[in-house]
Amino acid sequence: MMPFLSNSDELIFFVNGRKVVEKNADPEVNLLFYLRKVLRLTGTKYACGGGGCGACTVMVSRYDPKTKKIHHYPATACLVPICSLYGAAVTTVEGVGSIKTRVHPVQERLAKCHGTQCGFCSPGMVMSIYTLLRNHPEPTPEQITEALGGNLCRCTGYRPIVESGKTFCVESTVCQVKGSGKCCMDQDEKCFVIRQEKLCTKLYNEDEFQPLDPSQEPIFPPELIRMAEDPNKKRLTFQGERTRWITPVTLNDLLELRTNFPKAPLIMGNTTVGPSIKFKDEFHPVFISPLGLPELYFVNTTDDGVTIGAGYSLAQLNDALRFIVSEQPKEKTKTYHALLKHLRTLAGAQIRNMATLGGHVVSRPNFSDLNPILAAGNATINLISKEGKRQIPLNGPFLEGSPEASLRSEEVVLSIYIPYSTQWHFVSGLRLAQRQENAFAIVNAGMSVKFADGTNTIKDIQMFYGSVGLTVVSASQTCRQLTGRQWDDHMLSDACRWVLDEILIQPDAKGGMVEYRRALLVSLLFKFYLKVRRGLNKMDPHKFPDIPETFMSALEDFPIETPQGIQMFQCVDPYQPPQDPVGHPVMHQSAIKHTTGEAIFADDIPPIDQELFLAVVTSTRAHAKIISIDTSEALEIPGVVDVITAEDVPGDNNHNGEILYARHEVICVGQIICTVAADTYAHAKEAAKKVKIAYEDIEPRIITIEQALEHNSFLAVERKIEQGNVEYAFKHVDQIIQGEVHVEGQEHFYMETQTILAIPKTEDKEMVLHLGTQFPTHVQEFVAAALNVPRSRIACHMKRAGGAFGGKVTKPSLLGAVSAVAANKTGHPIRFILERGDDMLITAGRHPLLGKYKVGFMNNGEIKAVDVEYYINGGCTPDESDLVMQFIVLKSENAYSIPNFRCRGRPCKTNLPSNTAFRGFGFPQGTVVVEAYIAAVASRCDLLPEEVKEINMYKRTSKTAYKQTFNPEPLRRCWKECLEKSSFYARKHAAAEFNKKNYWKKRGLAVVPMKFTIGIPVAFYNQAAALVHIYLDGSVLLAHGGCEMGQGLHTKMIQVASRELNIPQSYIHLSETSTITVPNAIFTAGSMGTDINGKAVQNACQILMDRLKPIIRKNPKGKWEEWIEKAFKESISLSATGYFNGYQTHMDWEKEEGDPYPYFVYGASCSEVEVDCLTGAHKLLRTDIFMDAAFSINPALDIGQIEGAFIQGMGLYTTEELKYSLEGVLYSRSPDNYKIPTVTEIPEEFYVTLVRSRNPIAIYSSKGLGEAGMFLGSSVLLAIYDAVTAARRDRGLSKTFPMSSPATPELIRMACVDQFTDMIPRDDPSTFSPWSIRVS
């Protein structure tokens, strides 16, 4: 820290039972920084910095002297200012348990249930479950799901994480087979017999788990109890470098400070001020923190309502309301019920425990889920200042920010009074967000109506809407006009018209989705109308008619269920030797370290002497000339060492078309122009903001695929394959359909942002880099080129990456070179960690795609001819766009045999950051187009899409369109089993029945087949090498060219070595991947990590075993250690290089034929969804996946990959939406506005089965399954389309409508056209510029 003014108090708190005394506490320092950089506790991770992902979750414990109780709650360390921790005890993942001492049951079970893959989110998951158990040692499954709602995971798909938590629940929560009440695990030998083949369902053994003993938890430090009970507490002041933090100890003290510093924010949970300081550059010289003031913490119940202290966190508010609801009759608690419903989904558990009621009310966010309900329920705010107490209504004028209805600068909120509702008074809260929890509402509302007793005549009505303007908006004119009216359909249609007139959402409004938000205004009003009608009917069924039966389901929001499922895989052959681990569900080799926080990622490496931090300055224009770069102000900031620009690159600044630092022009928003190196990241970032760049715009600015086609702007040549005679076939079919499909891009959102540590060596121009990458060789190449030195001087070390998904194939090379240039210029080690917003902006993601198809078919559904054109938005540099397009074209038929088939594709060059590899590599986008034309044909022929798929699917050994021969038998098996085991036709019938009975909710089902490929069409890209050392004690060190990013590659390699050397896995150690041990290694991508590296490891082990053979022959009963000792004495080399020369793939684009892929991976998945036609929300009810795994080397890892990829795919096709401005600026730069799936989005029932087949070409007849599951997520997209089609059928609309991805709530709602979407105002597109555009 820094020596500041001496009038600072000492900050005292505890971390993991140890006392921390900080003499120079800086109010600007947060707990995450303090833990990682000062206390060197690196288990707590940085992943977003805004409280939106849960990676930095810790437990905070405080003692309440009033109740004499200790309160434990989860908090996101990135938002906790250290100054707020006086007198608190913090527990981090290191304090829960460690390999060195004792691993805690939470950590053990998360690891053994396979709930960790890359391990970067695991410490946060552990802390969320651990904190729950400290408060509820025997939790319910619902509590587990709720506790994890604020934690994101990009690898696992959440099911195993939830399952590990459910092992602590009282009742047996292992899945009960539906209806039978028996547990599927209780069958003999724990396995199913299907088609005479044993299938196992146990991926872990619960008997191994140590029991949870709450009495063994660490005690709360007695010193903190004494401090809390000290009667002579005094005001605390912490003076930082630029700011001062004051903690008053009495109410009068607080009011005194409020008068002296009227502009100072009051900080409680820091969930509003914190993000504003971090992301909006707000600055406050003084903070006042009344944390723990007893006057702010209370619940007071009277005859007419309840008063709740402003200091109560939203979680405490939730508990208080729950208690009142359980005690009071229902009619009095309608407002509380409405609040409770929204409290369940508001943010995540961490934020709910930090944010306070007073802070939430008084900061008046326009998106508030609670304020509209409080206003509708006639709440009042109790204020206090030195002048005395005062009450103001929490009403429209207050929420809309009118000065006379607001607080005066010297006032403080003491409490909020929420009155009881009465018999003829109805209160409701309504909301819709991009995903169900931990997401700001797109529109929300609080509504209430009072009737004259015994009538349906409106006496008083209030409507408040959030997220439709700069503040929460009251529809007060409409409410005035409605007073005195009857509650009937006529009133409703007037109300809808008037609301749309009164609440105007401008066509270019921030946040976009304008027509959708207008539709939600009236859709939510209609929901309220139905709820009240239903309530009136319950009170007097004779007087007030009920709502139609088919409308009932519109009343309820989708429930949040705890997911469950079964995973089925082949059992290990009973004759296999017991120590051979191949085929067993072995836990990830780093899993326990992941869950204890002891697994070291690049940024966890301790500081290196004199290291500097790098901050980037990126372009704010999409296409412009750089006129000047002025760094003078930046260089004056204390701690700044240098600014690095293109002029400082000794070698290639433009290597293979990828530009390190922009020189004369910028070609996208987010291009790196220069970097600032400074002693701390805070100084570097501050200086980066001071760099002034002058631009001159250049035409054309190309953002979308459409614009690229207009300007003929491409990155590569067209790729084409063709078979049959397409033109002739089109002339001889019954019908032809043409269409176009848009598939938007996707952000990788790996939990660990791009991280690089570059260390210059003093001699020979050597440079060492530690980083998370999938392709160390490529980093080495770029750094060597940039520094103009031989590659042999550059060493890249890669221990593990916190998720990659394709985003760490090429991008770390560019960023690695950028940091190496900085290290070279300054002579200092450079630590370069991209903040989440910069990472999302600079590194881009999956290619957006535009597909145009023409399909010719017979009336029976048989497709005779298809002509497809694909265009992808490649961004501004080549990157991998050409290869992605080759993959799309080669895989464009999916599982369907079409005799006359033509496919063409071309990557477009635009002024967006360059898109790159992403799991599935084009296949998940391209194949949506295929499913779209299948659906169009089915609709025209009046068949189910599944029937058209069946008719056109490959059925016997055939050739693909590019003449590669294959046998589709495993595809047919997966398809058949999927239809049968998921009871598809029975459930399809049940869904049709449900749809008949429900007008506003619809169910849909879909099954998709898949023919996927692994590997690369270029043979030398499939080679691999390994290095195996046997040491004299018999231990083995294994190295290979593959990178571990959570997929369990190292674990499988240890399994391979264990089988080949015939020794236990415990003998084998795998430390890291590095360019020193295995040179020229190919990227770990394309699902082939295990395939190629496994063969190389096997080769090395076999070479060693061949050398040992004579010794073993002489002493067959000897021990491994004896053989090794003997071999050394006989001068036999105990080190070997293994090599696999790769699958011999090739593709001839001139002839349009080849064998581009070594083998195919087949699969099928069936999903069922329910859609709310009024709001566009959807719920995934069940998914069944059947994946052809051939022989699985490790079923636990393979199922983990399939589930994780499926959920990632589901995100691509539903909630993940990247928004760009017309100028090419990416808006979606944080978990706040980019929504990956959370634990609530995953299927309520999730069944995965690995199907056996043979694959002799691959190691142990296995198959690469890393990416295949991604496309299966499209079964959710297609099920949504099925449900929307049912809704459109009801409304007499055409069944076909353009399919595009993602199927966001907006898309779903606007496709379910009805009287409400018909009444909204529409704008002429030529009269305004929209806030965002689609770039596909």
Side-chain angles (χ1 to χ4, degrees), residues 263 265-266 271-276 279-280 282 310 314 335 338-339 342 346-347 351 355-381 383 391-409 411 413 416 418 427-433 439-448 461-480 498-514 516-522 524-525 528 1227 1232-1233 1331:
K263 289 211 168 94
L266 293 192
T271 55
T272 301
V273 178
S276 300
F279 301 114
K280 296 181 187 160
E282 274 184 19
L314 299 184
T335 308
L339 287 167
H342 281 191
L346 189 148
I351 300 293
T356 55
L357 173 60
H360 185 86
V361 165
V362 86
S363 59
R364 290 177 281 200
N366 67 334
F367 51 78
S368 166
D369 281 339
L370 304 183
N371 289 350
I373 300 173
L374 290 167
N378 301 314
T380 47
I381 306 173
L383 302 171
Q391 285 189 327
I392 57 171
L394 202 171
N395 58 7
F398 169 77
L399 291 177
E400 286 167 2
S402 91
E404 53 278 8
S406 299
L407 284 76
R408 303 180 191 132
S409 65
E411 286 179 322
V413 180
I416 310 291
I418 315 170
V427 186
S428 217
L430 307 123
R431 78 188 295 271
L432 193 282
F440 294 127
I442 294 169
V443 174
N444 56 16
M447 301 185 183
S448 68
I461 180 168
Q462 305 195 68
M463 290 190 269
F464 299 93
Y465 285 101
S467 290
V468 293
L470 297 174
T471 63
V472 169
V473 183
S474 161
S476 44
Q477 275 164 285
T478 304
C479 294
R480 270 199 296 281
W498 294 339
V499 162
L500 287 169
D501 286 345
E502 184 173 359
I503 297 180
L504 291 174
I505 304 175
Q506 294 304 325
D508 57 355
K510 183 173 185 254
M513 302 189 275
V514 172
Y516 174 44
R517 288 197 276 172
R518 290 171 182 161
L520 283 175
L521 289 173
V522 287
L524 296 180
L525 173 55
F528 178 62
Y1227 292 128
D1232 285 355
N1233 44 33
W1331 179 76

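All figures in this text were calculated on a predicted structure; none of them were measured in a lab. Reckoned from all heavy atoms, side chains included, excluding hydrogens, waters and symmetry mates.
In terms of modelled atom types and a separation under 3.5 Å, the side chain of Arg518 and the main chain of Ile503 share no donor-acceptor contact. Under a 3.5 Å cut-off, the side chain of Ser448 and the backbone N or O of Ala376 do form a donor-acceptor pair. Of the possible donor and acceptor atoms, none in the side chain of Thr271 sits under 3.5 Å from a partner among the backbone N and O of Ile351. Here the side chain of Asn444 pairs a donor or acceptor atom with the backbone of Ser368 at under 3.5 angstrom. Here the side chain of Arg431 pairs no donor or acceptor atom with the backbone of Leu346 at under 3.5 angstrom.
When all heavy atoms are compared, the tightest approach of Val499 to Ala475 is CG2-CB, 4.4 Å. Of all the heavy atoms in Trp1331 and Gly512, the pair that sits closest is CE3-N, 3.4 Å. Nearest heavy-atom pair across Ala441 and Ser467 is O-OG, 3.0 Å. Residues Ile381 and Val361 share a closest heavy-atom pair of CD1-CG1, 3.8 Å. Contact between Met447 and Leu430 at its shortest, heavy atoms only, is SD-CD1, 4.1 Å. Taking both residues in full, the closest heavy atoms of Pro372 and Gly446 are given as CB-N, 3.4 Å, listed atom of the first, atom of the second, then distance.
Between Ile418 atom CD1 and Leu374 atom CG the span is 5.0 Å, to the nearest 0.5 Å. Here the straight-line distance linking atom CG of Leu524 with atom CE of Met463 works out to 11.5 Å at 0.5 Å rounding. Separation of atoms OH (Tyr1227) and NZ (Lys510) is listed at 9.0 Å; rounding is to 0.5 Å. Separating the CD1 atom in Ile442 from the OH atom in Tyr516 is a distance of 4.5 Å, to the nearest 0.5 Å. Residue Thr272 holds its OG1 atom at 10.0 Å from CD of Glu282, rounded to the nearest 0.5 Å. To the nearest 0.5 Å, the span separating CG on Leu383 from OG on Ser406 amounts to 10.0 Å.
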* Asked: Could you walk me through whether Val514 and Ile505 pass the side-chain contact (heavy atoms from CB on, under 4.5 Å) check?
  -> CA-CA 7 Å; Val514 172; Ile505 304 175; 4.1 Å; yes
* To do: Show the numbers, then the answer: is there a side-chain contact (heavy atoms from CB on, under 4.5 Å) between Phe398 and Arg364?
  => CA-CA 9 Å; Phe398 169 77; Arg364 290 177 281 200; 3.6 Å; yes
* Report the C-alpha separation of Val473 and Glu400 in whole Å, then their side-chain angles, then the decisive distance to 0.1 Å, and conclude whether the side-chain contact (heavy atoms from CB on, under 4.5 Å) test is met. => CA-CA 6 Å; Val473 183; Glu400 286 167 2; 4.0 Å; yes
* What's the verdict on side-chain contact (heavy atoms from CB on, under 4.5 Å) for His360 and Asn371, showing C-alpha distance, side-chain angles and the deciding distance? -> CA-CA 8 Å; His360 185 86; Asn371 289 350; 3.6 Å; yes
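With sequence neighbours excluded, no residue forms a side-chain hydrogen bond (donor to acceptor under 3.5 Å, both in side chains) with Gln477. Residues passing the side chain to side chain contact (heavy atoms under 4.5 Å, CB included) test with Pro397 are Asn395, Ser402, Ala405, sequence neighbours excluded.
Using the six-membered ring where Trp is involved, Phe367 and Phe440 have ring planes that are tilted, between 30° and 60° apart.
Contact annotation: the side chain of Val362 never approaches that of Leu266 to less than 4.5 Å [non-hydrogen atoms, C-beta and beyond]. Residues Leu399 and Thr471 form no side-chain contact, since every pair of their non-hydrogen atoms from C-beta on lies 4.5 Å or further apart. Contact annotation: the side chain of Leu521 approaches that of Tyr465 to within less than 4.5 Å [non-hydrogen atoms, C-beta and beyond]. Counting heavy atoms from C-beta on, the side chains of Asn378 and Gln462 come closer than 4.5 Å.
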